[in-house]
Amino acid sequence: MSDALLERHAEALRLFGERVRAVRADQWGAPTPCTEWTVRDLVNHVTGEQLWIPPLITEGRTVEELGDAFSGDVLGDDPVAAWDRASGAAHAAFAASGALDRTVRLSYGPALGSAYCSELTADCVVHTWDLCRGIGVDDRLPDTLVEFSVKEVMPYADGLAASGMYAEPVDVPPGADAQTRLLAMVGRKG
């Protein structure tokens, strides 16, 4: 399972990175399906999520210890380079021997490294769709990532909107494809 999980994580990071490299200079301020975020805000958010991984997984630090270390602009003058550094370090941290079996202390409590990796992989997949929409490129996601993300999100999908970080789930017609169902669970209309 760990090899498959690490491959899905790497695949999600690669896909998001491809979309980050596709952002034109005039698109960083464009809106995204995340109504509060521009393209730059979205990329900043996902990059910031990657920055948390090494200290939490490799160093065993806690969210409380790190405080607001990754708040604000983490992209600087070169968003692509910032993404590449953060995503590379994040994947290396998860891929280190024993990392997926470690307990990590997250804002909502302790979790296995594998659960944290799964959660962030699915989050990256959904945000890749958001970024595609924001920059106007093909938003079809690879089946392997969609299927992985559906399995990850389904057990807690009903509680996402209550967190205040997601819109209410969207109704989907019978027979909807997996990507439409995934997006609907996280409050997006595909």
Side-chain angles (χ1 to χ4, degrees), residues 8-54 68-91 107 116-150 152-153 156-157 160-173 176-190:
R8 291 299 76 75
H9 183 251
E11 185 180 0
L13 294 177
R14 279 192 305 271
L15 185 63
F16 191 82
E18 289 168 8
R19 299 310 182 268
V20 171
R21 283 183 270 297
V23 178
R24 295 188 322 260
D26 64 339
Q27 292 180 311
W28 289 103
T32 69
C34 302
T35 57
E36 305 290 315
W37 289 342
T38 63
V39 165
R40 184 178 175 92
D41 296 331
L42 174 67
V43 172
N44 190 70
H45 166 73
V46 180
T47 303
E49 286 185 327
Q50 305 318 304
L51 292 172
W52 284 92
I53 296 167
D68 62 359
F70 306 116
S71 296
D73 179 25
V74 299
L75 298 178
D77 294 335
D78 191 345
V80 173
W83 166 257
D84 287 343
R85 280 189 305 276
S87 63
H91 188 70
S107 59
Y116 184 39
C117 184
S118 294
E119 176 186 330
L120 289 184
T121 300
D123 190 70
C124 190
V125 170
V126 171
H127 284 318
T128 298
W129 181 85
D130 295 330
L131 184 54
C132 290
R133 285 291 177 104
I135 64 173
V137 298
D138 182 12
D139 64 12
R140 195 81 205 138
L141 300 168
D143 290 343
T144 53
L145 289 176
V146 170
E147 290 165 14
F148 174 91
S149 299
V150 166
E152 169 61 22
V153 173
Y156 53 84
L160 290 176
S163 74
M165 296 172 31
Y166 295 84
E168 290 292 329
V170 175
D171 290 330
V172 293
D177 67 16
Q179 180 168 317
T180 302
R181 289 193 324 273
L182 170 65
L183 296 171
M185 283 190 279
V186 295
R188 289 158 172 86
K189 293 179 184 174

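Two residues are said to be in side-chain contact when any heavy atoms from C-beta on lie closer than 4.5 Å; E152 and T121 fail this criterion. Looking at heavy atoms from C-beta onward, E18 lies out of side-chain contact with T128 at the 4.5 angstrom threshold.
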Would you check, one step at a time, whether the test side-chain contact (heavy atoms from CB on, under 4.5 Å) holds for K189 with L183? CA-CA 6 Å; K189 293 179 184 174; L183 296 171; over 6 Å; no
side-chain contact (heavy atoms from CB on, under 4.5 Å) evaluation trace for F148 with V125: CA-CA 9 Å; F148 174 91; V125 170; 5.8 Å; no
Go through the steps to decide whether N44 and T47 satisfy the test side chain to side chain donor-acceptor pair (under 3.5 Å), and finish with yes or no. CA-CA 5 Å; N44 190 70; T47 303; over 6 Å; no
Stepwise side-chain contact (heavy atoms from CB on, under 4.5 Å) test for V20 and D84: CA-CA 10 Å; V20 171; D84 287 343; over 6 Å; no
May I have the step-by-step check of side-chain contact (heavy atoms from CB on, under 4.5 Å) for V74 and R85, ending in yes or no? CA-CA 11 Å; V74 299; R85 280 189 305 276; over 6 Å; no
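The distance from atom CG of D130 to atom CZ of R19, rounded to the nearest 0.5 Å, is 12.5 Å. Separating the SG atom in C34 from the CG atom in L42 is a distance of 5.5 Å, to the nearest 0.5 Å. For the atom pair CG of D138 and CZ of R133, the computed distance is 10.0 Å after rounding to the nearest 0.5 Å. Going from atom CD of E49 over to atom CZ of F70 covers 12.5 Å, rounded to the nearest 0.5 Å. In this structure, CD on Q50 lies 9.0 Å from NE2 on H45, to the nearest 0.5 angstrom. Summarising the geometry, atom OG belonging to S149 is positioned 12.0 Å from atom CZ belonging to R181; distances are rounded to the nearest 0.5 Å.
Remark: D77 CG is loosely packed, at most 12 non-hydrogen atoms of other residues, nucleotides or ligands lying under 6.0 Å away. No more than 12 heavy atoms of other residues, nucleotides or ligands lie within 6.0 Å of CG in D171, so this atom counts as exposed by the packing criterion.
Closest approach of V146 to Q179, counting heavy atoms only: CG1-N, 3.5 Å. Pairing each heavy atom of H91 with each of A10, the nearest pair is CE1-CB, 3.6 Å. Taking both residues in full, the closest heavy atoms of A12 and C124 are given as O-SG, 3.5 Å, listed atom of the first, atom of the second, then distance. The nearest pair of heavy atoms linking W28 to P79 is CH2-CB, 3.5 Å. Shortest non-hydrogen contact noted between I53 and A90 is CD1-CB, 3.5 Å. Shortest non-hydrogen contact noted between P33 and W129 is CG-CZ3, 3.7 Å.
Distance alone, capped at 3.5 Å, places no donor-acceptor pair between the Q27 side chain and the V39 backbone. A donor-acceptor distance shorter than 3.5 angstrom exists from the side chain of R188 to the backbone of V186, with no hydrogens or angles considered. A side-chain donor-acceptor contact under 3.5 Å links D41 to the backbone of T38. Listed for the R21 side chain is no donor-acceptor partner under 3.5 Å among the backbone atoms of V80.
Below 30°, between 30° and 60°, or above 60°: for W37 and H127 the angle between ring planes is between 30° and 60°, a tilted geometry.
In this structure R140 satisfies the salt bridge (Lys or Arg N to Asp or Glu O under 4.0 Å) test together with D177, sequence neighbours excluded.
Between the side chains of E11 and T144, at least one donor N or O sits under 3.5 Å from an acceptor N or O.
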